[in-house]
There are 2 protein chains.
Amino acid sequence: MTGRVTMRDVAQAVGMSPMTVSRALRDDRTVNAQTRARVRDVAQQLGYVYDSTAQAFRTQKSGFVAVTLPSVNNANFAETFRALTSGLGAAGVQLLLGSTNYRVEREEELVRQLLTRNPEALVLTGGHHTDATRSLIKGRGLPVIEMWDLPRDPLGHVVGFSNSDAMAHVVGHLAATGRRKLAFVGASEGADMRGAVRRAGVVRAADMHRLPEVTMIDAGPAPVSMRHGAAVIEALGRDVAQYDALVCVSDPVAFGCLSAVQRMGLSVPDDLAITGFGHFEVAKVSNPRITTVNVQAEDIGRQVVDLLQGIFDGDVDAPVRVDVGSELVVGETS
Amino acid sequence: MTGRVTMRDVAQAVGMSPMTVSRALRDDRTVNAQTRARVRDVAQQLGYVYDSTAQAFRTQKSGFVAVTLPSVNNANFAETFRALTSGLGAAGVQLLLGSTNYRVEREEELVRQLLTRNPEALVLTGGHHTDATRSLIKGRGLPVIEMWDLPRDPLGHVVGFSNSDAMAHVVGHLAATGRRKLAFVGASEGADMRGAVRRAGVVRAADMHRLPEVTMIDAGPAPVSMRHGAAVIEALGRDVAQYDALVCVSDPVAFGCLSAVQRMGLSVPDDLAITGFGHFEVAKVSNPRITTVNVQAEDIGRQVVDLLQGIFDGDVDAPVRVDVGSELVVGETS
DNA sequence: TGGCCTTCTGATACCGATAACATGATACCG
DNA sequence: CGGTATCATGTTATCGGTATCAGAAGGCCA
């Protein structure tokens, strides 16, 4: 019934004012060293727990950075998130995470919700948003970073790479090694914009290299993963042999395809090349290793952290655009 | 300079008191329907954004549930988290996520930090905590749920399964199919308690089945994944053929082992059986499919949501213990 | 007509920390 | 020794919602 322990209680116990307690707990040097120590001791004894909500309210600084990801269940996004957490955690900032399930409407809802927590910055994955999302964000003085893409018309800062260029490298590599009849394996057209950009990149690059039209193989609604890759190839059966190469939207999909292709007795890369995207662990360990694109998920996270730190320190005025690039990693499937 | 838009501003604009605005925005039916609509319109027009911090402060209800996970970059934990997010999001609760990197000291630090946000419940992964963590939690009236384990001496509620029993099933299966010389592939002894429990389960079960002593193969500090499994087997070389079966701490590790074993020309399961844990996607798609244990990560999340809902509704008094069980899934590697 | 109930709205205080300013005690200076 | 700098602490007001109680307006009944 005594309710929670507040600074007032601690103050009373040490015979000082709450203000002194506040200062002591924040290690303010204007407070006498002995007093500081005593306050800390007593606070500990009383089981005092600092109330960040009250602080956030009074100072109008929440200590939160809001982040949206399409999905946590994706090693690359998870890696970015990990880098964000450890980088910002050191700065005393907590992350507020939301996942959009690859849908911009869901993102809108999330942003609406996250903004009510008064975050000090907003980090969005991707550069496609609903108009409502855009207008929610604009006007407010809130720093915004879009990551994992290089949007044409950014909301604020950007840390990403060109999905389209990355795919062009993959297609260039395949063309150079004599592959001509390509199929792209990805999610159904629809919500997943990053997937769509990759697909478009493949088409454009194939065109540039004067390859025949790229066949689109639909592995189902996003997110698509190993089992979808495997299922769609199983459904296709031996017909898959008509292609020289399967260009997959991600490594998990590529692994699914690889596995299914091998099961039907075809040889990779002899009968057919397969490429992935993202440099997931499975691409390095699978047998054969999958040709893929390294996107430096962790680096994206780190760059975002650096940028945020600069913003909080007031060192950033103009919008920043960081291209972390990407890199073709030739494996044994091509 | 005008600062943020508050309820006061909205109230002024509609010529009513802030209290009425507050009620209107919360859809309180005691407010006249027309007034409600008008308030909403005006709020929208002024770009008013509700301040959850102020609400949390005044009502002493944060709208947060704090969750700790060993790692987000793990499909099973990510799946549990997804289930929690979608289940609790519907109830208007937001998740505060922290990852412990499989270390109890890090968990302690995290819990300390999370508690300052005044969460309405705390969901921890696993049943091993530092004494400081335990005392931080006890005493406070905060509902606590430990998940993914069935701890002997729980802090509060529990939703999990027996890692040890699950491993016993795996070993039983191997013994029944004539495997005798087992090796366990897992992380170094140390922080990861779930891994340690699995290891102990294997040893005990092997003993029970009168198998020779189980060899421990150390794949490095937690978390161990595909590449660690592959690396440790590569380092072992053909010596691996002395075992009848590799019992791996997780599916990714098992896949790494499988891949390395295949690369050196051995056949699975003819020369050697391999088992995993967790029913990860890779186990279903790999070639051959990996014998594993299905742990229903999503179900754990759902059960935790149900439990929390019960707690918030005041329907739960005594500590609840839910065993979601686990199930051996025999694949093609054994 | 008076009394009472229903419907809607307002006034006030408060949640816990802290910014901003004020104050009391000492020390130190020429 | 008066005056000013320095150090340590206290006082007051405030951040933006909302619980609680009070009250005005209108309808209904006997």
Side-chain angles (χ1 to χ4, degrees), chain A residues 1-40 42-43 46-64 92 113 115-120 140, chain B residues 1-40 42-43 46-64 92 113 115-120 140:
Chain A
M1 191 50 259
T2 56
R4 64 145 17 92
V5 181
T6 73
M7 280 193 185
R8 222 173 292 280
D9 302 317
V10 178
Q12 199 148 34
V14 292
M16 303 227 132
S17 74
M19 197 60 237
T20 301
V21 174
S22 172
R23 287 196 265 248
L25 292 179
R26 277 177 298 156
D27 221 23
D28 188 324
R29 288 171 333 244
T30 69
V31 175
N32 181 289
Q34 278 183 32
T35 312
R36 248 183 298 163
R38 201 151 54 88
V39 167
R40 283 170 177 278
V42 171
L46 296 183
Y48 170 74
V49 174
Y50 186 82
D51 186 336
S52 293
T53 305
Q55 182 198 39
F57 178 54
R58 165 66 231 219
T59 63
Q60 296 294 76
K61 290 186 57 187
S62 62
F64 283 130
Q113 204 181 109
L115 285 182
T116 71
R117 297 287 182 179
N118 194 21
E120 298 180 34
R140 208 168 315 280
Chain B
M1 189 54 255
T2 56
R4 61 148 14 95
V5 180
T6 72
M7 280 190 183
R8 225 170 288 281
D9 302 316
V10 178
Q12 199 149 32
V14 293
M16 303 228 130
S17 74
M19 198 59 238
T20 302
V21 173
S22 172
R23 287 197 264 249
L25 292 179
R26 277 179 296 158
D27 220 24
D28 188 324
R29 287 175 331 244
T30 70
V31 175
N32 180 289
Q34 278 183 33
T35 311
R36 250 182 298 164
R38 201 150 55 87
V39 166
R40 283 170 176 277
V42 171
L46 296 183
Y48 170 74
V49 173
Y50 186 83
D51 186 337
S52 293
T53 305
Q55 181 198 41
F57 179 53
R58 165 65 230 217
T59 62
Q60 295 295 76
K61 290 187 58 188
S62 62
F64 284 129
Q113 204 180 111
L115 285 182
T116 72
R117 296 288 180 179
N118 195 19
E120 298 181 32
R140 208 169 314 282

Exercise. Okay, side chain of B:R36, backbone of B:L25: is any donor-acceptor separation there less than 3.5 Å?
Worked result: no

Problem set entry | Within 6.0 Å of CZ in B:R140, more than 12 heavy atoms from elsewhere | yes

Seminar exercise, completed: Rounded to whole Å, the CG-P distance (B:D28 to C:dC8) equals 10 Å

Exercise. What is the distance, rounded to the nearest whole Å, between atom CZ of A:R58 and atom P of C:dA17?
Worked result: 13 Å

Problem set entry | N/O donor-acceptor pair, side chain B:R26 with base D:dG17, under 3.5 angstrom | no

Exercise. Just to confirm, is there a sub-4.0 Å distance from OP1 or OP2 of D:dG17 to any side-chain nitrogen or oxygen of B:Y48?
Worked result: yes

Exercise. For A:T20, which contact category applies under a 4.0 Å heavy-atom criterion: base, sugar-phosphate, or nothing?
Worked result: sugar-phosphate

Exercise. Taking only side-chain nitrogens and oxygens of B:S22, does any of them come within less than 4.0 Å of OP1 or OP2 of D:dT18?
Worked result: yes

Seminar exercise, completed: Note: B:A24 and B:V31 closest approach over all heavy atoms is N-CG2, 4.1 Å

Exercise. Across all strands shown, which nucleotide pairs with C:dG30 by Watson-Crick or G-U wobble geometry, both distances under 3.5 Å?
Worked result: D:dC1

Exercise. How is B:T53 classified with respect to the nucleic acid when contacts are heavy atoms under 4.0 Å: base, sugar-phosphate, or nothing?
Worked result: nothing

Exercise. Of all the choices, D:dC15, C:dA17, D:dG10, which nucleotide is nearest to the side chain of A:T6 once you look at every atom?
Worked result: C:dA17

Problem set entry | Among C:dA17, D:dG17, D:dC15, the one nearest A:D51 by side-chain distance | C:dA17

Problem set entry | d(CG, A:L115; P, D:dG16) in whole Å | 16 Å

For this session: Look at all strands and tell whether B:M7 reaches a base, only sugar-phosphate, or nothing, counting heavy atoms closer than 4.0 Å.
Result: sugar-phosphate

For this session: Using atom CD of B:Q12 as one end and atom C1' of D:dG16 as the other, report the distance to the nearest whole Å.
Result: 15 Å

Seminar exercise, completed: Out of D:dG17, D:dT9, D:dA19, minimum distance to the side chain of A:T35 belongs to D:dT9

For this session: Could you work out which one of C:dA17, D:dT11, C:dG10 sits closest to the side chain of B:M19?
Result: C:dG10

Problem set entry | Side-chain donor/acceptor of B:R23 to base of C:dG10, under 3.5 Å | yes

Exercise. Contact class for B:S52 (heavy atom, under 4.0 Å): base, sugar-phosphate, or nothing?
Worked result: nothing

Exercise. Tell me: CD of A:Q60 to P of C:dA17, nearest whole Å?
Worked result: 16 Å

Problem set entry | Residue A:N32, side-chain atoms from C-beta onward, closest of D:dA8, C:dG16, C:dA13 | D:dA8

Seminar exercise, completed: By the Watson-Crick or G-U definition, both distances under 3.5 Å, D:dA19 is matched with C:dT12

